[in-house]
A.B. asks: 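Dumping the structure here so I can ask a few things about it.
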Amino acid sequence: MQSSHGAARRARAAARPTPSAPPSGSPAGSPAGRRAPLPLRRAAQFVLGLGLCATGVWASLRAGLGVSSWDVLHAGLAARTGVGFGVVVAVVGVAVLGVSSLLGVRPRAGTFVNVALVALLLDALLATSWLDGLPGAPPALRAAVLAAAVVLIGTGGALYVGAGFGAGPRDSLMVACHLRGWPIGASRVVIEVGVVVVGWVLGGPVGAGTVVVAFTLGPVTQLAFRLLRQDPQAGQRPRPAPAPDPDPGAAGRADRAA
């Protein structure tokens, strides 16, 4: 009888879920095998990423092949409503942040640093005479600069989002789509093309460069995340994993054995 009670206790203990440890052979690039970077390193990565983004936006403006996807929407809304362009940019940014928050990506400190720092860097670059003669250059050279701008924006986005301080207003929407199971590349393409179409219907200007950037920035950004081993969900609160259900037959077998 004593052995029967001991067998019952062992069966109940085996039925209880045990926490699983991360596999010892996890690759260095996986979340289980990668250590969290130090705060100073993350801050440097964040600033570097924003600097690359600002440089990419500046280069795309100098190329003169078309405004950005979001500026098509901003210009269309400003033309239809009669509101100033800057006010439209601010209102759209707040609206996008609201949608992203509803989808689970709330603004963080890095979100507001993003807006301020990119604006300052962009104004500083536009105040220089660098690339002033580019609009009159051969189309092949302007296209090459635009391609480099796409690479800079995609790489910068992967770096600063991967630092985990929070995404900018429009990148937050991309991250929110990714949290819903969409690949980063597809999320970015759908968002960029969608705002171009809406902006064009409202009367916003669309150039050849606008279309190229709308369709290529997403794949480039996804590739940058992969090559640089950055996590698009960095800094986001992980969803708790459901606890494994114990074997319902184990408890029954133990009771019968008792």
Side-chain angles (χ1 to χ4, degrees), residues 49-50 53-54 56-57 59-61 63-107 111 114-115 118-119 122 143 146-147 149-158 160-161 166-226 230 232-233 236:
L50 293 181
C53 288
V57 172
S60 68
L61 292 173
L65 294 175
V67 299
S68 70
S69 305
W70 286 95
D71 281 341
V72 176
L73 177 62
H74 298 151
L77 287 171
R80 285 297 181 97
T81 61
V83 178
F85 188 86
V87 175
V88 170
V89 171
V91 170
V92 170
V94 171
V96 171
L97 274 181
V99 173
S100 301
S101 298
L102 292 175
L103 294 175
V105 180
R106 291 178 174 81
T111 304
N114 176 318
V115 174
V118 169
L122 188 55
L146 182 65
V150 171
V151 173
L152 287 171
I153 296 172
T155 303
Y160 98 80
V161 172
R170 290 149 186 85
D171 285 337
S172 293
L173 190 57
M174 173 188 72
V175 174
C177 292
H178 180 66
L179 291 176
R180 292 295 182 277
W182 288 38
I184 281 291
S187 303
R188 190 73 184 240
V189 169
V190 169
I191 294 169
E192 297 281 330
V193 173
V195 296
V196 167
V197 171
V198 174
W200 176 73
V201 170
L202 293 174
V206 177
T210 306
V211 177
V212 170
V213 173
F215 280 99
T216 60
L217 186 55
V220 169
T221 302
Q222 180 169 327
L223 181 62
F225 272 108
R226 183 178 304 155
Q230 298 301 310
Q233 302 181 33
Q236 301 300 321

A.B. asks: Does the side-chain contact (heavy atoms from CB on, under 4.5 Å) test come out yes or no for V72 and V195, once each step is laid out?
C.D. replies: CA-CA 7 Å; V72 176; V195 296; over 6 Å; no
A.B. asks: Is there a donor-acceptor pair under 3.5 Å between the side chain of T111 and the backbone N or O of A167?
C.D. replies: yes
A.B. asks: CG of L73 to CH2 of W200: how many Å apart, nearest 0.5 Å?
C.D. replies: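 Rounded to the nearest 0.5 Å, the CG-CH2 separation comes out at 14.5 Å.
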A.B. asks: Nearest 0.5 Å please: distance from the OG1 atom of T210 over to the CZ atom of F215.
C.D. replies: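 CZ of F215 is found 12.0 Å from OG1 of T210.
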A.B. asks: How far does CZ of R170 sit from OG of S68, to the nearest 0.5 angstrom?
C.D. replies: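 Answer for the CZ-OG pair, R170 versus S68, is 8.5 Å.
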A.B. asks: Do any N or O atoms from the side chain of S100 and from the backbone of L173 form a donor-acceptor pair under 3.5 angstrom?
C.D. replies: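 Here the side-chain-to-backbone pair exists.
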A.B. asks: Do you know the tightest heavy-atom contact between P107 and S101?
C.D. replies: CD-OG, 3.3 Å
A.B. asks: Report the distance from atom SG of C177 to atom CG of L103, rounding to the nearest 0.5 Å.
C.D. replies: 7.0 Å
A.B. asks: Before giving the answer on side-chain contact (heavy atoms from CB on, under 4.5 Å), spell out for V89 and W70 the whole-Å C-alpha distance, their side-chain angles and the decisive distance to 0.1 Å.
C.D. replies: CA-CA 9 Å; V89 171; W70 286 95; over 6 Å; no
A.B. asks: So V196 and V211, side-chain contact (heavy atoms from CB on, under 4.5 Å) or not? Walk me through it.
C.D. replies: CA-CA 8 Å; V196 167; V211 177; 5.5 Å; no
A.B. asks: Got a second to check how far R188's CZ is from H178's NE2, nearest 0.5 Å?
C.D. replies: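 The CZ atom of R188 sits 13.5 Å away from the NE2 atom of H178.
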A.B. asks: Below 4.5 Å, heavy atoms only, C-beta onward: do M174 and I191 meet side chain to side chain?
C.D. replies: yes
A.B. asks: Say you draw a straight line from OG of S172 to CG of L179; how long is it, rounded to the nearest 0.5 Å?
C.D. replies: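 S172 atom OG to L179 atom CG measures 10.0 Å (nearest 0.5 Å).
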